[in-house]
Colleague: 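Encoded as C-alpha coordinates, here's the structure I'll be asking about.
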Number of protein chains: 2
Amino acid sequence: MSESAETNAPRWRRLPGERPRQILDAALEVFGERGLAAARLEDIARSAGVSKGTIYLYFPNKEALFCEMIREIPSRHIASVEAMISEDASAREQLRQYLRNSWDYVRTPSFEILYRLILSELHHFPDLYEQFIEEVPMRSMRILGDIVKRGIASGEFRDIDPLAAGRMLHSVLFIHGVWAAKRARIPFMRDLSDNQVLDQLVDFCLHAIGQVPVPTASHVHT
Amino acid sequence: MSESAETNAPRWRRLPGERPRQILDAALEVFGERGLAAARLEDIARSAGVSKGTIYLYFPNKEALFCEMIREIPSRHIASVEAMISEDASAREQLRQYLRNSWDYVRTPSFEILYRLILSELHHFPDLYEQFIEEVPMRSMRILGDIVKRGIASGEFRDIDPLAAGRMLHSVLFIHGVWAAKRARIPFMRDLSDNQVLDQLVDFCLHAIGQVPVPTASHVHT
DNA sequence: CGAGTAAGTTACTCATGAGTCAGTAACGTT
DNA sequence: AACGTTACTGACTCATGAGTAACTTACTCG
(Lines give C-alpha, C1' and ligand atoms only; values in the text may rest on other atoms or scores of the structure.)
Protein backbone atom coordinates (compact mmCIF):
# COMPACT_ATOMS: atom_id res chain seq x y z
CA MET A 1 0.00 0.00 0.00
CA SER A 2 2.78 2.41 0.72
CA GLU A 3 4.02 2.17 -2.86
CA SER A 4 0.89 2.02 -4.97
CA ALA A 5 1.42 1.73 -8.69
CA GLU A 6 -0.49 4.78 -9.89
CA THR A 7 0.76 7.31 -7.33
CA ASN A 8 4.25 7.98 -8.55
CA ALA A 9 4.51 10.27 -5.52
CA PRO A 10 8.04 11.61 -5.30
CA ARG A 11 9.32 12.05 -1.76
CA TRP A 12 10.07 15.66 -2.50
CA ARG A 13 9.93 17.98 -5.47
CA ARG A 14 12.29 20.39 -7.15
CA LEU A 15 10.91 23.89 -6.72
CA PRO A 16 13.85 26.24 -7.05
CA GLY A 17 11.58 29.14 -7.96
CA GLU A 18 9.39 28.91 -4.88
CA ARG A 19 11.91 27.96 -2.22
CA PRO A 20 13.15 31.42 -1.30
CA ARG A 21 9.65 32.68 -0.61
CA GLN A 22 8.69 29.56 1.32
CA ILE A 23 11.80 29.81 3.44
CA LEU A 24 11.32 33.53 4.09
CA ASP A 25 7.74 32.98 5.22
CA ALA A 26 8.81 30.19 7.54
CA ALA A 27 11.61 32.39 8.82
CA LEU A 28 9.16 35.15 9.71
CA GLU A 29 7.12 32.70 11.71
CA VAL A 30 10.00 31.14 13.60
CA PHE A 31 12.10 34.26 14.13
CA GLY A 32 8.93 35.99 15.24
CA GLU A 33 8.28 33.30 17.78
CA ARG A 34 11.77 32.91 19.24
CA GLY A 35 13.96 35.80 18.08
CA LEU A 36 17.10 35.69 16.00
CA ALA A 37 19.41 33.92 18.43
CA ALA A 38 17.01 31.33 19.80
CA ALA A 39 15.38 30.36 16.50
CA ARG A 40 16.54 27.02 15.12
CA LEU A 41 17.25 26.68 11.45
CA GLU A 42 15.81 23.18 11.56
CA ASP A 43 12.49 24.59 12.72
CA ILE A 44 12.47 27.04 9.87
CA ALA A 45 13.31 24.24 7.48
CA ARG A 46 10.54 22.01 8.79
CA SER A 47 8.04 24.85 8.66
CA ALA A 48 9.05 25.54 5.07
CA GLY A 49 8.73 21.86 4.19
CA VAL A 50 12.39 21.41 3.31
CA SER A 51 15.50 20.16 5.05
CA LYS A 52 18.09 22.28 6.76
CA GLY A 53 20.58 21.87 3.96
CA THR A 54 18.20 23.42 1.47
CA ILE A 55 18.23 26.71 3.32
CA TYR A 56 21.94 26.92 2.66
CA LEU A 57 21.35 26.57 -1.05
CA TYR A 58 19.52 29.89 -1.01
CA PHE A 59 21.00 31.83 1.91
CA PRO A 60 24.62 31.86 3.04
CA ASN A 61 23.81 31.73 6.76
CA LYS A 62 21.30 32.46 9.49
CA GLU A 63 21.98 36.18 9.72
CA ALA A 64 21.70 36.69 5.99
CA LEU A 65 18.38 34.89 5.99
CA PHE A 66 17.20 37.12 8.78
CA CYS A 67 18.29 40.30 7.02
CA GLU A 68 16.80 39.24 3.74
CA MET A 69 13.51 38.60 5.49
CA ILE A 70 13.48 42.04 7.10
CA ARG A 71 14.29 43.59 3.77
CA GLU A 72 11.78 41.68 1.72
CA ILE A 73 8.60 41.56 3.76
CA PRO A 74 7.61 45.22 4.19
CA SER A 75 7.95 45.93 0.51
CA ARG A 76 5.08 43.55 -0.15
CA HIS A 77 2.51 45.65 1.68
CA ILE A 78 3.40 49.27 1.90
CA ALA A 79 2.68 50.57 -1.56
CA SER A 80 -0.96 49.57 -1.30
CA VAL A 81 -1.50 51.81 1.70
CA GLU A 82 -0.50 54.95 -0.11
CA ALA A 83 -2.25 54.39 -3.39
CA MET A 84 -5.79 54.93 -2.26
CA ILE A 85 -5.99 58.53 -1.21
CA SER A 86 -8.42 60.72 -3.11
CA GLU A 87 -6.56 63.65 -4.61
CA ASP A 88 -9.51 66.01 -4.48
CA ALA A 89 -10.84 65.30 -0.99
CA SER A 90 -10.49 67.78 1.86
CA ALA A 91 -7.39 67.47 4.00
CA ARG A 92 -9.50 66.26 6.87
CA GLU A 93 -11.01 63.57 4.69
CA GLN A 94 -7.62 62.59 3.29
CA LEU A 95 -6.32 62.25 6.80
CA ARG A 96 -9.23 60.00 7.69
CA GLN A 97 -8.53 57.84 4.65
CA TYR A 98 -4.85 57.55 5.32
CA LEU A 99 -5.35 56.69 8.97
CA ARG A 100 -7.85 54.03 8.02
CA ASN A 101 -5.53 52.49 5.42
CA SER A 102 -2.53 52.56 7.70
CA TRP A 103 -4.61 51.12 10.46
CA ASP A 104 -5.19 48.02 8.36
CA TYR A 105 -1.53 47.67 7.56
CA VAL A 106 -0.25 48.35 11.00
CA ARG A 107 -2.46 45.68 12.52
CA THR A 108 -1.21 42.80 10.39
CA PRO A 109 0.72 40.13 12.29
CA SER A 110 3.70 40.46 10.00
CA PHE A 111 3.99 44.16 10.76
CA GLU A 112 3.98 43.52 14.46
CA ILE A 113 6.58 40.76 14.19
CA LEU A 114 8.80 42.76 11.91
CA TYR A 115 8.67 45.81 14.09
CA ARG A 116 9.45 43.77 17.16
CA LEU A 117 12.43 42.11 15.50
CA ILE A 118 13.74 45.38 14.12
CA LEU A 119 13.51 46.94 17.53
CA SER A 120 15.24 44.13 19.35
CA GLU A 121 17.95 43.06 16.89
CA LEU A 122 18.66 46.58 15.74
CA HIS A 123 22.10 47.09 17.16
CA HIS A 124 23.76 44.54 15.01
CA PHE A 125 22.39 45.59 11.64
CA PRO A 126 22.62 49.36 11.32
CA ASP A 127 22.01 49.51 7.56
CA LEU A 128 18.97 47.34 7.84
CA TYR A 129 17.67 49.56 10.56
CA GLU A 130 18.15 52.73 8.58
CA GLN A 131 16.46 51.19 5.61
CA PHE A 132 13.45 50.18 7.66
CA ILE A 133 13.17 53.57 9.32
CA GLU A 134 13.28 55.23 5.95
CA GLU A 135 10.85 52.84 4.33
CA VAL A 136 8.17 52.62 6.99
CA PRO A 137 7.93 55.32 9.64
CA MET A 138 9.63 58.13 7.73
CA ARG A 139 7.53 57.51 4.68
CA SER A 140 4.39 57.50 6.75
CA MET A 141 5.35 60.69 8.55
CA ARG A 142 6.10 62.50 5.34
CA ILE A 143 2.77 61.64 3.82
CA LEU A 144 0.97 62.69 6.97
CA GLY A 145 3.02 65.87 7.04
CA ASP A 146 2.00 66.69 3.49
CA ILE A 147 -1.65 66.23 4.27
CA VAL A 148 -1.28 68.47 7.30
CA LYS A 149 0.47 71.09 5.21
CA ARG A 150 -2.36 71.13 2.73
CA GLY A 151 -4.88 71.34 5.56
CA ILE A 152 -3.12 74.34 7.02
CA ALA A 153 -3.12 76.07 3.64
CA SER A 154 -6.82 75.43 3.22
CA GLY A 155 -7.59 76.67 6.71
CA GLU A 156 -8.86 73.32 7.94
CA PHE A 157 -5.98 72.79 10.34
CA ARG A 158 -4.32 75.14 12.77
CA ASP A 159 -0.84 76.51 12.28
CA ILE A 160 1.36 73.62 13.41
CA ASP A 161 4.75 72.30 12.30
CA PRO A 162 3.70 69.73 9.67
CA LEU A 163 6.66 67.43 10.30
CA ALA A 164 6.05 67.41 14.02
CA ALA A 165 2.35 66.79 13.44
CA GLY A 166 3.17 63.95 11.04
CA ARG A 167 5.40 62.42 13.68
CA MET A 168 2.71 62.66 16.34
CA LEU A 169 0.03 61.20 14.14
CA HIS A 170 2.26 58.37 13.05
CA SER A 171 3.38 57.58 16.56
CA VAL A 172 -0.09 57.24 17.98
CA LEU A 173 -1.30 55.16 15.06
CA PHE A 174 1.76 53.00 15.05
CA ILE A 175 1.81 52.07 18.70
CA HIS A 176 -1.89 51.32 18.68
CA GLY A 177 -1.23 48.95 15.80
CA VAL A 178 1.42 47.12 17.78
CA TRP A 179 -0.94 46.88 20.73
CA ALA A 180 -3.85 45.77 18.61
CA ALA A 181 -1.86 42.85 17.26
CA LYS A 182 -1.73 41.29 20.71
CA ARG A 183 -4.92 42.82 21.91
CA ALA A 184 -6.10 39.77 23.80
CA ARG A 185 -3.25 40.02 26.24
CA ILE A 186 -3.43 43.74 26.86
CA PRO A 187 -6.06 44.72 29.40
CA PHE A 188 -6.75 48.20 28.06
CA MET A 189 -7.34 46.90 24.53
CA ARG A 190 -9.42 43.82 25.27
CA ASP A 191 -12.83 45.44 25.34
CA LEU A 192 -12.48 47.55 22.22
CA SER A 193 -13.12 46.59 18.62
CA ASP A 194 -10.67 47.58 15.91
CA ASN A 195 -13.15 50.10 14.61
CA GLN A 196 -13.72 51.68 17.97
CA VAL A 197 -10.00 52.18 18.38
CA LEU A 198 -9.75 53.65 14.92
CA ASP A 199 -12.59 56.06 15.68
CA GLN A 200 -10.86 57.16 18.86
CA LEU A 201 -7.63 57.67 16.93
CA VAL A 202 -9.26 59.75 14.26
CA ASP A 203 -11.14 61.82 16.81
CA PHE A 204 -8.04 62.47 18.87
CA CYS A 205 -5.88 63.33 15.88
CA LEU A 206 -8.37 65.63 14.21
CA HIS A 207 -8.84 67.59 17.40
CA ALA A 208 -5.11 67.84 17.92
CA ILE A 209 -4.50 69.59 14.64
CA GLY A 210 -7.96 70.98 13.84
CA GLN A 211 -8.50 74.72 13.49
CA VAL A 212 -11.58 74.56 15.68
CA PRO A 213 -12.66 71.78 18.06
CA VAL A 214 -14.52 70.21 15.08
CA PRO A 215 -17.93 71.41 13.80
CA THR A 216 -20.37 70.59 16.58
CA ALA A 217 -18.28 71.17 19.63
CA SER A 218 -18.30 74.96 20.02
CA HIS A 219 -21.26 75.06 22.41
CA VAL A 220 -20.48 72.25 24.84
CA HIS A 221 -20.75 74.15 28.09
CA THR A 222 -22.77 72.00 30.42
CA MET B 1 56.51 44.22 44.37
CA SER B 2 53.62 42.03 43.50
CA GLU B 3 53.31 40.81 47.09
CA SER B 4 54.14 43.78 49.26
CA ALA B 5 53.94 43.18 52.94
CA GLU B 6 51.62 45.98 53.97
CA THR B 7 48.98 45.58 51.23
CA ASN B 8 47.10 42.56 52.42
CA ALA B 9 45.04 43.03 49.26
CA PRO B 10 42.62 40.14 48.96
CA ARG B 11 42.05 38.87 45.45
CA TRP B 12 38.34 39.30 45.91
CA ARG B 13 35.99 40.33 48.69
CA ARG B 14 32.88 38.93 50.28
CA LEU B 15 29.99 41.24 49.56
CA PRO B 16 26.87 39.15 49.89
CA GLY B 17 24.71 42.21 50.45
CA GLU B 18 25.74 43.99 47.28
CA ARG B 19 26.09 41.11 44.83
CA PRO B 20 22.47 40.82 43.74
CA ARG B 21 22.30 44.46 42.77
CA GLN B 22 25.66 44.37 41.00
CA ILE B 23 24.63 41.31 39.05
CA LEU B 24 21.25 42.77 38.12
CA ASP B 25 22.85 45.96 36.83
CA ALA B 26 25.34 43.98 34.79
CA ALA B 27 22.50 41.83 33.50
CA LEU B 28 20.61 44.89 32.30
CA GLU B 29 23.64 46.00 30.36
CA VAL B 30 24.40 42.66 28.74
CA PHE B 31 20.84 41.51 28.12
CA GLY B 32 20.16 44.95 26.72
CA GLU B 33 23.05 44.62 24.34
CA ARG B 34 22.49 41.07 23.12
CA GLY B 35 19.05 39.88 24.18
CA LEU B 36 18.14 36.98 26.43
CA ALA B 37 19.30 34.10 24.26
CA ALA B 38 22.54 35.57 22.95
CA ALA B 39 23.76 37.09 26.22
CA ARG B 40 26.55 35.14 27.90
CA LEU B 41 26.47 34.63 31.63
CA GLU B 42 30.23 35.01 31.67
CA ASP B 43 29.89 38.50 30.21
CA ILE B 44 27.41 39.42 32.90
CA ALA B 45 29.73 37.99 35.52
CA ARG B 46 32.73 39.93 34.22
CA SER B 47 30.72 43.13 34.00
CA ALA B 48 29.58 42.62 37.59
CA GLY B 49 33.15 41.96 38.70
CA VAL B 50 32.50 38.39 39.80
CA SER B 51 32.88 34.94 38.31
CA LYS B 52 30.17 32.94 36.62
CA GLY B 53 29.71 30.62 39.56
CA THR B 54 28.80 33.53 41.80
CA ILE B 55 25.75 34.31 39.74
CA TYR B 56 24.44 30.86 40.59
CA LEU B 57 24.76 31.60 44.28
CA TYR B 58 22.12 34.28 43.90
CA PHE B 59 19.98 33.20 40.96
CA PRO B 60 18.96 29.65 40.03
CA ASN B 61 19.51 30.13 36.29
CA LYS B 62 19.67 32.53 33.38
CA GLU B 63 15.95 32.92 32.92
CA ALA B 64 15.35 33.60 36.57
CA LEU B 65 18.03 36.28 36.52
CA PHE B 66 16.37 37.83 33.51
CA CYS B 67 12.94 37.81 35.11
CA GLU B 68 14.20 39.17 38.37
CA MET B 69 15.85 42.00 36.49
CA ILE B 70 12.65 42.89 34.64
CA ARG B 71 10.76 42.78 37.89
CA GLU B 72 13.20 44.80 39.94
CA ILE B 73 14.32 47.66 37.73
CA PRO B 74 11.12 49.61 37.02
CA SER B 75 10.17 49.71 40.66
CA ARG B 76 13.23 51.84 41.33
CA HIS B 77 12.02 54.76 39.24
CA ILE B 78 8.31 54.89 38.83
CA ALA B 79 7.11 56.15 42.17
CA SER B 80 9.12 59.34 41.81
CA VAL B 81 7.29 60.28 38.62
CA GLU B 82 3.90 60.30 40.28
CA ALA B 83 4.79 62.03 43.49
CA MET B 84 5.34 65.50 42.15
CA ILE B 85 1.98 66.61 40.89
CA SER B 86 0.48 69.66 42.54
CA GLU B 87 -2.92 68.78 43.94
CA ASP B 88 -4.35 72.25 43.53
CA ALA B 89 -3.12 73.09 40.04
CA SER B 90 -5.46 73.28 37.05
CA ALA B 91 -5.93 70.08 35.08
CA ARG B 92 -4.04 71.62 32.21
CA GLU B 93 -1.13 72.44 34.47
CA GLN B 94 -1.23 68.99 36.08
CA LEU B 95 -1.09 67.45 32.66
CA ARG B 96 1.93 69.56 31.78
CA GLN B 97 3.66 68.48 34.97
CA TYR B 98 2.92 64.83 34.49
CA LEU B 99 4.06 64.84 30.88
CA ARG B 100 7.29 66.55 31.87
CA ASN B 101 7.99 64.08 34.68
CA SER B 102 7.18 61.07 32.55
CA TRP B 103 9.28 62.49 29.78
CA ASP B 104 12.30 62.32 32.05
CA TYR B 105 11.58 58.76 33.07
CA VAL B 106 10.73 57.49 29.62
CA ARG B 107 13.99 58.78 28.18
CA THR B 108 16.27 56.91 30.57
CA PRO B 109 18.38 54.21 28.95
CA SER B 110 17.10 51.59 31.35
CA PHE B 111 13.52 52.30 30.34
CA GLU B 112 14.34 51.88 26.70
CA ILE B 113 16.22 48.63 27.31
CA LEU B 114 13.57 47.24 29.56
CA TYR B 115 10.80 48.06 27.17
CA ARG B 116 12.68 46.53 24.28
CA LEU B 117 13.34 43.33 26.20
CA ILE B 118 9.77 43.11 27.42
CA LEU B 119 8.52 43.53 23.91
CA SER B 120 10.79 40.94 22.37
CA GLU B 121 10.95 38.24 25.04
CA LEU B 122 7.34 38.63 26.02
CA HIS B 123 5.89 35.41 24.72
CA HIS B 124 7.71 33.21 27.11
CA PHE B 125 6.92 35.00 30.35
CA PRO B 126 3.23 35.85 30.42
CA ASP B 127 3.08 36.73 34.11
CA LEU B 128 6.04 39.02 33.83
CA TYR B 129 4.41 40.70 30.89
CA GLU B 130 1.16 41.26 32.69
CA GLN B 131 2.97 42.66 35.67
CA PHE B 132 4.88 45.11 33.54
CA ILE B 133 1.80 46.22 31.64
CA GLU B 134 0.02 46.79 34.90
CA GLU B 135 2.92 48.55 36.55
CA VAL B 136 4.02 50.88 33.79
CA PRO B 137 1.63 51.70 30.95
CA MET B 138 -1.64 50.98 32.75
CA ARG B 139 -0.60 53.02 35.74
CA SER B 140 0.41 55.88 33.51
CA MET B 141 -2.83 55.73 31.55
CA ARG B 142 -4.92 55.72 34.68
CA ILE B 143 -3.23 58.77 36.09
CA LEU B 144 -3.57 60.58 32.79
CA GLY B 145 -7.19 59.50 32.61
CA ASP B 146 -7.86 60.94 36.05
CA ILE B 147 -6.34 64.26 35.13
CA VAL B 148 -8.46 64.34 31.98
CA LYS B 149 -11.56 63.50 33.99
CA ARG B 150 -10.91 66.40 36.33
CA GLY B 151 -10.26 68.68 33.38
CA ILE B 152 -13.57 67.75 31.79
CA ALA B 153 -15.37 68.44 35.05
CA SER B 154 -13.74 71.84 35.34
CA GLY B 155 -14.55 72.70 31.74
CA GLU B 156 -10.90 72.89 30.69
CA PHE B 157 -11.12 69.84 28.46
CA ARG B 158 -13.72 68.75 25.96
CA ASP B 159 -16.03 65.81 26.54
CA ILE B 160 -13.83 62.84 25.70
CA ASP B 161 -13.58 59.31 27.06
CA PRO B 162 -10.93 59.77 29.79
CA LEU B 163 -9.55 56.24 29.44
CA ALA B 164 -9.17 56.60 25.70
CA ALA B 165 -7.56 59.99 26.15
CA GLY B 166 -5.18 58.58 28.75
CA ARG B 167 -4.23 55.83 26.33
CA MET B 168 -3.57 58.29 23.53
CA LEU B 169 -1.52 60.60 25.70
CA HIS B 170 0.52 57.75 27.07
CA SER B 171 1.13 56.24 23.66
CA VAL B 172 2.49 59.37 22.11
CA LEU B 173 4.69 60.14 25.09
CA PHE B 174 5.90 56.60 25.37
CA ILE B 175 6.95 56.07 21.79
CA HIS B 176 8.71 59.41 21.69
CA GLY B 177 10.66 58.30 24.74
CA VAL B 178 11.75 55.14 23.02
CA TRP B 179 12.80 57.14 19.98
CA ALA B 180 14.58 59.75 22.03
CA ALA B 181 16.73 57.12 23.67
CA LYS B 182 18.35 56.31 20.35
CA ARG B 183 17.85 59.72 18.90
CA ALA B 184 21.21 59.89 17.15
CA ARG B 185 20.28 57.06 14.83
CA ILE B 186 16.78 58.23 13.97
CA PRO B 187 16.70 60.88 11.25
CA PHE B 188 13.52 62.58 12.32
CA MET B 189 14.75 63.01 15.90
CA ARG B 190 18.32 64.08 15.28
CA ASP B 191 17.74 67.80 14.93
CA LEU B 192 15.48 68.26 17.92
CA SER B 193 16.41 68.85 21.54
CA ASP B 194 14.63 66.95 24.29
CA ASN B 195 12.86 70.13 25.32
CA GLN B 196 11.67 70.90 21.83
CA VAL B 197 10.15 67.45 21.57
CA LEU B 198 8.51 67.85 24.94
CA ASP B 199 7.03 71.18 23.89
CA GLN B 200 5.65 69.62 20.74
CA LEU B 201 4.16 66.80 22.76
CA VAL B 202 2.49 69.12 25.23
CA ASP B 203 1.15 71.33 22.47
CA PHE B 204 -0.24 68.40 20.51
CA CYS B 205 -1.80 66.76 23.54
CA LEU B 206 -3.40 69.89 24.96
CA HIS B 207 -4.99 70.68 21.63
CA ALA B 208 -6.25 67.14 21.27
CA ILE B 209 -8.26 67.25 24.46
CA GLY B 210 -8.61 71.01 25.03
CA GLN B 211 -11.98 72.72 25.05
CA VAL B 212 -10.62 75.57 22.94
CA PRO B 213 -7.42 75.81 20.88
CA VAL B 214 -5.53 76.90 24.00
CA PRO B 215 -4.82 80.56 24.87
CA THR B 216 -1.57 81.00 22.86
CA ALA B 217 0.56 79.79 25.75
CA SER B 218 2.49 77.31 23.68
CA HIS B 219 6.02 78.26 24.64
CA VAL B 220 6.18 77.83 28.38
CA HIS B 221 9.78 77.32 29.39
CA THR B 222 11.16 75.22 32.22
C1' DC C 1 45.28 32.49 66.64
C1' DG C 2 43.31 28.82 64.44
C1' DA C 3 39.07 26.06 63.45
C1' DG C 4 34.73 26.55 61.00
C1' DT C 5 31.81 28.34 57.52
C1' DA C 6 30.10 31.37 54.14
C1' DA C 7 31.45 33.36 49.74
C1' DG C 8 33.65 32.91 45.70
C1' DT C 9 36.41 30.61 41.91
C1' DT C 10 37.83 27.62 38.21
C1' DA C 11 37.90 23.69 35.48
C1' DC C 12 34.87 20.52 34.04
C1' DT C 13 30.65 18.17 31.52
C1' DC C 14 27.26 17.90 28.38
C1' DA C 15 23.46 19.40 25.34
C1' DT C 16 22.58 22.07 21.58
C1' DG C 17 22.44 23.84 17.10
C1' DA C 18 25.03 26.24 13.06
C1' DG C 19 27.21 24.99 9.18
C1' DT C 20 29.19 21.11 5.87
C1' DC C 21 29.46 17.52 2.57
C1' DA C 22 29.05 13.16 0.52
C1' DG C 23 25.47 10.94 -1.23
C1' DT C 24 20.59 10.47 -3.40
C1' DA C 25 16.55 11.49 -5.94
C1' DA C 26 13.97 14.28 -9.30
C1' DC C 27 13.76 15.78 -13.81
C1' DG C 28 15.16 17.53 -18.55
C1' DT C 29 17.35 15.97 -22.78
C1' DT C 30 18.32 13.14 -26.55
C1' DA D 1 15.42 4.42 -21.32
C1' DA D 2 19.78 5.89 -20.02
C1' DC D 3 22.48 9.85 -18.92
C1' DG D 4 23.79 14.18 -16.90
C1' DT D 5 22.66 17.87 -14.21
C1' DT D 6 20.89 20.15 -10.48
C1' DA D 7 17.90 20.34 -6.30
C1' DC D 8 17.70 18.40 -2.21
C1' DT D 9 18.72 15.41 1.95
C1' DG D 10 20.42 14.04 6.50
C1' DA D 11 24.14 12.37 9.15
C1' DC D 12 28.25 14.40 10.54
C1' DT D 13 31.60 17.90 12.95
C1' DC D 14 32.74 21.26 15.88
C1' DA D 15 32.32 25.52 18.64
C1' DT D 16 29.86 27.45 22.16
C1' DG D 17 27.99 28.40 26.50
C1' DA D 18 24.69 26.90 30.49
C1' DG D 19 25.02 24.68 34.49
C1' DT D 20 27.84 21.96 38.18
C1' DA D 21 30.87 20.68 41.76
C1' DA D 22 35.24 20.15 43.84
C1' DC D 23 38.31 23.21 45.48
C1' DT D 24 40.13 27.80 47.55
C1' DT D 25 39.99 32.04 49.98
C1' DA D 26 38.09 35.59 52.92
C1' DC D 27 36.21 36.47 57.15
C1' DT D 28 34.13 35.35 62.03
C1' DC D 29 34.12 34.07 66.59
C1' DG D 30 35.39 31.38 70.53
Side-chain angles (χ1 to χ4, degrees), chain A residues 2-27 29-69 121 124-125, chain B residues 2-27 29-69 121 124-125:
Chain A
S2 54
E3 297 111 31
S4 83
E6 59 189 353
T7 62
N8 54 344
R11 295 196 293 180
W12 44 265
R13 299 183 41 195
R14 296 173 149 209
L15 297 166
E18 306 176 26
R19 293 302 185 214
R21 181 72 159 253
Q22 292 172 334
I23 293 168
L24 288 169
D25 284 339
E29 183 188 316
V30 177
F31 283 134
E33 183 61 34
R34 329 251 320 196
L36 172 55
R40 279 171 302 206
L41 246 356
E42 293 218 54
D43 288 347
I44 296 176
R46 184 158 5 95
S47 165
V50 298
S51 73
K52 190 167 62 156
T54 299
I55 293 177
Y56 286 90
L57 296 176
Y58 297 96
F59 304 93
N61 56 46
K62 195 185 187 183
E63 282 200 353
L65 169 60
F66 182 81
C67 291
E68 190 50 34
M69 178 191 83
E121 315 288 0
H124 311 96
F125 311 101
Chain B
S2 55
E3 297 113 30
S4 84
E6 60 189 349
T7 61
N8 53 344
R11 294 196 292 178
W12 44 265
R13 298 181 42 191
R14 296 174 152 207
L15 298 166
E18 306 176 27
R19 292 303 185 214
R21 182 71 159 252
Q22 292 172 335
I23 293 168
L24 287 170
D25 285 339
E29 183 188 315
V30 178
F31 283 135
E33 184 59 34
R34 329 251 321 196
L36 171 55
R40 278 172 302 211
L41 246 358
E42 293 217 56
D43 288 347
I44 296 176
R46 183 157 8 93
S47 164
V50 299
S51 72
K52 188 166 65 153
T54 300
I55 293 176
Y56 286 91
L57 296 176
Y58 297 96
F59 303 93
N61 57 45
K62 197 186 188 185
E63 282 202 353
L65 169 60
F66 182 81
C67 291
E68 190 50 34
M69 180 193 82
E121 314 288 359
H124 312 95
F125 310 101

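Side chains included, hydrogens not; waters and symmetry mates left out as well; all remaining heavy atoms used. These numbers come from a predicted model, not from an experiment. Letters A, B, ... mirror the listed sequences (proteins, then strands); counts begin at 1.
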Colleague: Find the distance F59(A):CZ to dT20(C):P and express it as a whole number of Å.
Modeller: 16 Å

Colleague: What is the nucleic acid contact for A39(B), judged by heavy atoms within less than 4.0 Å: base, sugar-phosphate only, or nothing?
Modeller: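 Sugar-phosphate: the residue A39(B), judged by heavy atoms under 4.0 Å, touches backbone atoms but no base.
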
Colleague: Could you check whether Y58(B) gets within reach of a base, just the sugar-phosphate, or nothing at all, counting any heavy atom under 4.0 Å?
Modeller: sugar-phosphate

Colleague: Do L24(B) and F59(B) have side chains that approach each other closer than 4.5 Å (heavy atoms only, starting at C-beta)?
Modeller: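 A side-chain contact exists here, since the closest heavy-atom pair is under 4.5 Å.
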
Colleague: For R46(A) and dT9(D), give me the distance from atom CZ to atom C1', rounded to whole Å.
Modeller: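 After rounding, the reported distance stands at 15 Å.
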
Colleague: Please give, in whole Å, the distance from dG17(D) C1' to N61(B) CG?
Modeller: 14 Å

Colleague: Taking the nucleotide of DNA chain C with the closest heavy atom to each, which residue, P10(A) or L15(B), is nearer the 5' end?
Modeller: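 The residue whose closest nucleotide sits nearer the 5' end is L15(B).
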
Colleague: Is R13(A) close enough to dA7(D) that one of its side-chain N or O atoms is under 4.0 Å from OP1 or OP2 there?
Modeller: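 So the side chain of R13(A) is outside the cut-off, no N or O lying under 4.0 Å from OP1 or OP2 of dA7(D).
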
Colleague: First locate atom CG of L15(B), then atom OG1 of T54(B), and finally report the distance between them rounded to the nearest 0.5 Å.
Modeller: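 It comes to 10.5 Å.
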
Colleague: What is the distance from NZ of K52(A) to C1' of dA11(D), rounded to the nearest Å?
Modeller: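 Rounded to the whole Å, the gap is 10 Å.
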
Colleague: For the pair F66(B) and F31(B), name the ring-plane relationship: parallel under 30°, tilted 30 to 60°, perpendicular over 60°.
Modeller: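 Geometry flag for F31(B) against F66(B): perpendicular rings.
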
Colleague: Tell me what A45(A) touches on the nucleic acid: a base, only sugar-phosphate, or nothing, going by heavy atoms under 4.0 Å.
Modeller: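 Touches nothing.
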
Colleague: Rounded to whole angstroms, how far apart are CG on L57(B) and C1' on dT9(C)?
Modeller: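 Taking CG of L57(B) and C1' of dT9(C), I get 10 Å after rounding.
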
Colleague: Taking for each residue the nucleotide of DNA chain D with the nearest heavy atom, is it R19(A) or R40(B) whose nucleotide lies nearer the 5' end?
Modeller: R19(A)

Colleague: For T54(B) and dA7(C), is the shortest distance between a side-chain N/O and OP1 or OP2 below 4.0 Å?
Modeller: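 Checking dA7(C) against T54(B), no side-chain N or O comes under 4.0 Å of OP1 or OP2.
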
Colleague: Whole-Å distance between dA7(D) C1' and E18(A) CD?
Modeller: 13 Å

Colleague: Taking CD from E63(B) and P from dG17(D), how many angstroms apart are they, rounded to a whole number?
Modeller: 18 Å

Colleague: So E29(B) and D25(B), do their side chains get closer than 4.5 Å, heavy atoms only?
Modeller: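 They are not in contact (no side-chain heavy atoms under 4.5 Å apart), so the answer is no.
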
Colleague: Given dT25(D), dA18(D), dT20(C), which nucleotide is nearest the side-chain atoms of Y56(A)?
Modeller: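 When the side chain of Y56(A) is considered, dT20(C) is the closest of dT25(D), dA18(D), dT20(C).
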
Colleague: Under the 3.5 angstrom rule, does the side chain of E121(B) hit a backbone N or O of L36(B) as a donor-acceptor pair?
Modeller: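 Looks like yes, one N/O pair under 3.5 Å.
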
Colleague: With a 4.0 Å cutoff (strictly under), does any side-chain N or O of S51(B) reach OP1 or OP2 of dT9(C)?
Modeller: yes

Colleague: By the 4.0 Å heavy-atom rule, please label L41(A) as base, sugar-phosphate, or nothing.
Modeller: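 Answer is sugar-phosphate: L41(A) comes under 4.0 Å of backbone atoms only.
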
Colleague: How close or far is atom C1' of dG17(D) from atom NZ of K62(B), stated in whole angstroms?
Modeller: 8 Å

Colleague: Please compare W12(A) and G49(B) by the position of their nearest nucleotide in DNA chain C and report the one closer to 5'.
Modeller: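 So the residue in question is G49(B).
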
